[in-house]
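Values reported hereafter were calculated over all heavy atoms of this structure, with side chains retained and with hydrogens, waters and symmetry mates removed. Model, not experiment: these values are computed from the prediction. Chain letters run A, B, ... following the sequence lines, proteins first, then strands; residues in each count from 1.
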Protein chains: 4
Amino acid sequence: MRAKSNPIPTDNRSFAEAARRAQIVDCAIDAIAEMGFAKASVDQIAKLAGVSKGVITYHFPKKQEIVDAIIEKVMAAGRAYMEPRILAETSAAGRLRVYIESDLAFIGAYRKPLIALVEIAMNARRDDGGLVIGPDSLAQRAASLEELLRAGQRSGEFRRFNTRVMALTIIQAIDGVPPLLAREPNRDLKLHAKELATIFALATRRPSS
Amino acid sequence: MRAKSNPIPTDNRSFAEAARRAQIVDCAIDAIAEMGFAKASVDQIAKLAGVSKGVITYHFPKKQEIVDAIIEKVMAAGRAYMEPRILAETSAAGRLRVYIESDLAFIGAYRKPLIALVEIAMNARRDDGGLVIGPDSLAQRAASLEELLRAGQRSGEFRRFNTRVMALTIIQAIDGVPPLLAREPNRDLKLHAKELATIFALATRRPSS
Amino acid sequence: MRAKSNPIPTDNRSFAEAARRAQIVDCAIDAIAEMGFAKASVDQIAKLAGVSKGVITYHFPKKQEIVDAIIEKVMAAGRAYMEPRILAETSAAGRLRVYIESDLAFIGAYRKPLIALVEIAMNARRDDGGLVIGPDSLAQRAASLEELLRAGQRSGEFRRFNTRVMALTIIQAIDGVPPLLAREPNRDLKLHAKELATIFALATRRPSS
Amino acid sequence: MRAKSNPIPTDNRSFAEAARRAQIVDCAIDAIAEMGFAKASVDQIAKLAGVSKGVITYHFPKKQEIVDAIIEKVMAAGRAYMEPRILAETSAAGRLRVYIESDLAFIGAYRKPLIALVEIAMNARRDDGGLVIGPDSLAQRAASLEELLRAGQRSGEFRRFNTRVMALTIIQAIDGVPPLLAREPNRDLKLHAKELATIFALATRRPSS
DNA sequence: TATGAATGAGAATTCATTCAT
DNA sequence: TATGAATGAATTCTCATTCAT
């Protein structure tokens with residue numbers, strides 16, 4: 001018999017709270033992925049979650065907070081999935097390949113959340129009219145990828161090219177996949193990833209001679 | 001009594017009608033490009049056009065009809081711009097290069113309409129929830145580009161690759177440009193086009209030996 | 001036969017528009033006076049007006065605009081009623097008496113609008129939390145009355161007193177009447193006015209010897 | 001078994017209970033005074049009190065009960081402050097002067113509670129729409145003051161005037177002070193009281209000869 | 001054709017109140 | 001007692017669409 005008699009009620013509360021929030025976030029992801037951002041009203045999310053609308057607004061007083069939670073959740077999951085795989089590679093070419101392959105693998109595993117994320121990226125706007133996932137977010141991802149590309153150029157693995165355009169092109173090739181999946185759920189992501197990896201391997205490598 | 005006092009009145013009507021519709025479509029493009037699809041209400045479009053809301057609904061009983069007209073207008077303009085330039089090239093590689101360069105040149109010349117088109121592509125949904133610019137539209141563009149790519153493979157100019165993935169990647173690289181422009185209006189499109197052309201030239205060409 | 005064939009359609013429109021707005025403002029006055037500011041929702045106003053809620057928001061996109069219209073209407077009516085009567089008096093004492101009597105007469109004639117105005121003054125708050133009829137408004141009325149009082153002091157009709165406190169006290173004595181009326185509709189306003197006039201005549205006049 | 005091991009447990013409870021209620025009432029006063037009646041929700045009061053919302057509803061099942069408690073508390077404090085001071089005076093004129101001066105002194109010492117009380121008086125409404133601080137409450141205060149005024153008339157200190165109107169005017173002059181304070185916290189209450197006392201001394205006193 | 005008034009559905013948000021733990 | 005989750009009604013505002021003139 002363990003001494004640990006404490007039923008950690010506080011943690012239980014936190015846990016229940018976190019579970020509710022997670023449930024709402026998941027239902028919001030479903031709603032946005034399935035009917036689009038514009039139609040995913042708080043009512044619809046509540047209906048999907050099987051709770052009253054008030055529950056949603058109790059846990060997320062502003063709808064934007066749900067959106068922020070979705071962004072954070074999906075982004076964090078993506079980073080957690082991709083980063084170790086990328087860092088396990090030592091060559092720039094290997095890292096680029098794994099960047100593409102692991103992102104597409106992640107997309108394959110998180111289809112709906114990513115479809116929702118794309119919906120949010122394209123539609124969600126702040127009160128002032130600016131996009132919620134704005135230039136900064138894209139620029140950050142591009143900058144991180146450019147770093148990888150520049151490293152390859154410095155090491156001589158990659159040819160000279162505009163790292164900005166290359167990075168954006170790669171990101172767009174990847175970001176275009178969730179919508180494709182929404183339209184063709186049976187698309188072969190493994191193949192897609194392999195082809196993309198080859199395309200950008202050829203586009204970046206240094207001419208042999 | 002003057003001769004020819006009323007020449008082709010019906011055509012005049014048609015002409016006036018067409019002019020009105022064109023004016024409305026242009027204002028709708030401005031509205032969508034500037035405030036996003038969700039905020040571009042019929043009221044806003046009417047305000048921009050300097051006419052009463054009734055005029056809009058008279059010429060376009062359903063808002064969706066305006067959207068359809070925008071899509072048709074911009075798509076047609078794009079085809080009119082690109083097709084002769086592409087067909088002027090004889091090699092597959094040349095056509096691919098011109099495909100990319102002429103599309104970006106078109107985007108540069110039609111910034112607002114294309115930003116509006118992207119807004120529509122991402123946001124507009126039919127009553128049943130389906131996207132207005134759906135799989136079919138993308139599939140059509142991809143199919144047309146695939147035709148070009150397959151021709152290059154048949155002629156031996158291009159290596160073996162999955163034409164579907166390549167076509168989608170190229171289209172995504174191009175379609176990603178209008179949002180970039182919205183965020184960075186001074187982006188150098190000439191450079192961007194040149195880099196993209198190089199990327200996909202390297203990615204498609206047959207290994208030399 | 002006059003050339004003036006113009007049936008002034010624009011004015012007709014303006015007239016219909018103005019009539020609608022006036023009707024809505026009147027119904028809003030009724031609603032606020034009868035159920036209080038907090039309960040006088042747009043729905044209630046629409047119900048009182050016998051129109052749909054949309055009509056209200058069509059003519060007054062923001063509820064605050066109705067409130068502003070009420071304030072302006074009642075204030076303007078009050079000024080129009082009181083000013084000529086006050087200016088017809090030549091002595092400061094006479095003007096003060098008429099100020100009080102004409103304001104109470106006006107209140108008697110415009111009971112409901114003034115009850116509504118008091119509700120608004122006490123309850124309506126801007127988004128930032130500040131009162132809609134704030135310090136400025138009261139200060140302005142007080143300043144105007146102080147001017148009258150100071151004139152009486154200069155001319156020797158009035159004794160020395162703090163004009164600010166006197167002005168505020170007189171205004172409060174008057175502003176307190178609409179709520180009294182709401183509670184006791186049969187209150188004798190003539191008598192009330194006469195008593196108030198006497199009170200402030202005695203309170204302001206210069207000691208005789 | 002110890003003697004007196006549990007001395008007056010019920011009273012302890014009562015005491016704790018009373019303390020909690022007092023704390024809640026005080027926080028509700030703060031909330032109403034600071035953000036106005038309409039914005040002072042149960043949530044806000046709970047936040048100010050640093051307790052959960054449930055605590056509020058446990059002690060005051062209906063929000064109206066908090067409001068009633070505030071009214072009772074402030075009114076009682078006012079009576080406790082003013083009554084002995086007034087009764088210490090022997091002349092009617094003296095009592096009237098002290099009535100005014102002690103009420104304003106009380107207001108100066110209890111700014112927030114009185115601002116809250118005024119908010120309640122103006123805004124709070126029962127389910128049936130009637131004001132919470134209604135005719136009866138005002139009538140009671142007026143009646144009490146009328147008694148004082150009539151005593152002065154009977155003793156010959158005061159002239160003949162309508163005691164109802166005079167009482168109401170005095171009360172309104174006093175009740176108008178808390179809102180003034182809310183807007184101008186540095187207003188000189190001593191001076192204000194002195195001026196008011198003079199005004200109503202002059203307005204009530206019997207003509208000398 | 002043109003106007004703009006009218007409509008009603010649906011959006012987010014606030015809030016007093018209830019209730020299980 | 002205390003907690004805070006849950007509820008559902010109410011409120012303001014937006015907007016596509018209809019319609020009389």
Note, [X] side chain near [Y] side chain (heavy atom, < 4.5 Å):
X: Gln44(D); Y: Lys39(D); result: no
X: Asp26(C); Y: Asp30(C); result: no
X: Cys27(A); Y: Lys47(A); result: no

Rounded distance in Å - [atom1] ([X]) to [atom2] ([N]):
X: Lys63(B); N: dT14(F); atom1: NZ; atom2: C1'; answer: 11 Å
X: Ile66(D); N: dT17(E); atom1: CD1; atom2: C1'; answer: 12 Å
X: Arg125(A); N: dT14(F); atom1: CZ; atom2: P; answer: 17 Å

(Q) So if I take residues 21-50 of chain B and measure heavy-atom distances to DNA chain F, which residues fall below 4.0 Å? (A) Ala38(B), Ser41(B), Val42(B)

Q. How do Thr57(D) and Ile56(A) order along DNA chain F: which one's closest nucleotide is nearer the 5' end?
A.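 Its nearest nucleotide lies further toward 5', so the answer is Thr57(D).
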
Q) On DNA chain F, nearest-nucleotide positions of Val51(A) versus Lys62(C): which is more 5'? A) Val51(A)

Q.
I need the Ser41(B) OG to Lys53(B) NZ distance, nearest 0.5 Å.
A. 7.5 Å

(Q) To the nearest 0.5 Å, what is the distance between CD1 on Ile133(B) and CD1 on Ile71(B)? (A)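 Reported value, rounded in 0.5 Å steps: 4.0 Å.
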
Q.
Donor-acceptor check, side chain of Glu119(B) to backbone of Phe37(B), threshold 3.5 angstrom: yes or no?
A.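 Flag set: sc Glu119(B) to bb Phe37(B) pair under 3.5 Å.
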
Q) Okay, side chain of Gln23(D), backbone of Ala49(D): is any donor-acceptor separation there less than 3.5 Å? A)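 Checking the backbone N and O of Ala49(D) against the side chain of Gln23(D), a donor-acceptor pair under 3.5 Å is found.
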
Less than 3.5 Å apart, which donor and acceptor atoms pair up between the side chains of residues 55-70 of chain D and the rest of the protein, not counting sequence neighbours?
from	atom 1	to	atom 2	distance (Å)
Thr57(D)	OG1	Gly54(D)	O	3.1
His59(D)	ND1	Glu17(D)	OE1	3.2
Lys63(D)	NZ	Ala40(D)	O	3.0
Gln64(D)	NE2	Asp68(D)	OD1	2.9

Q.
dA2(F), OP1 or OP2 - any side-chain N/O from Arg20(D) closer than 4.0 Å?
A.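 Checking dA2(F) against Arg20(D), a side-chain N or O does come within under 4.0 Å of OP1 or OP2.
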
**Q.** Short side-chain N/O contact to dA2(F) OP1/OP2 from His59(D), under 4.0 Å
**A.**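 Checking dA2(F) against His59(D), a side-chain N or O does come within under 4.0 Å of OP1 or OP2.
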
Q. On DNA chain E, nearest-nucleotide positions of Lys53(A) versus Lys53(D): which is more 5'?
A. Lys53(A)

(Q) By nearest heavy atom, map Gly54(A) and Ser52(B) onto DNA chain E; which one lands nearer the 5' end? (A) Ser52(B)

Q. Salt bridge check: are Lys112(B) and Glu34(B) linked by an N-O gap of less than 4.0 Å?
A. yes

(Q) Stem list for DNA chain E, please, built from Watson-Crick and G-U wobble pairs under 3.5 Å and keeping only runs of at least 3. (A) E:2-21 with F:2-21

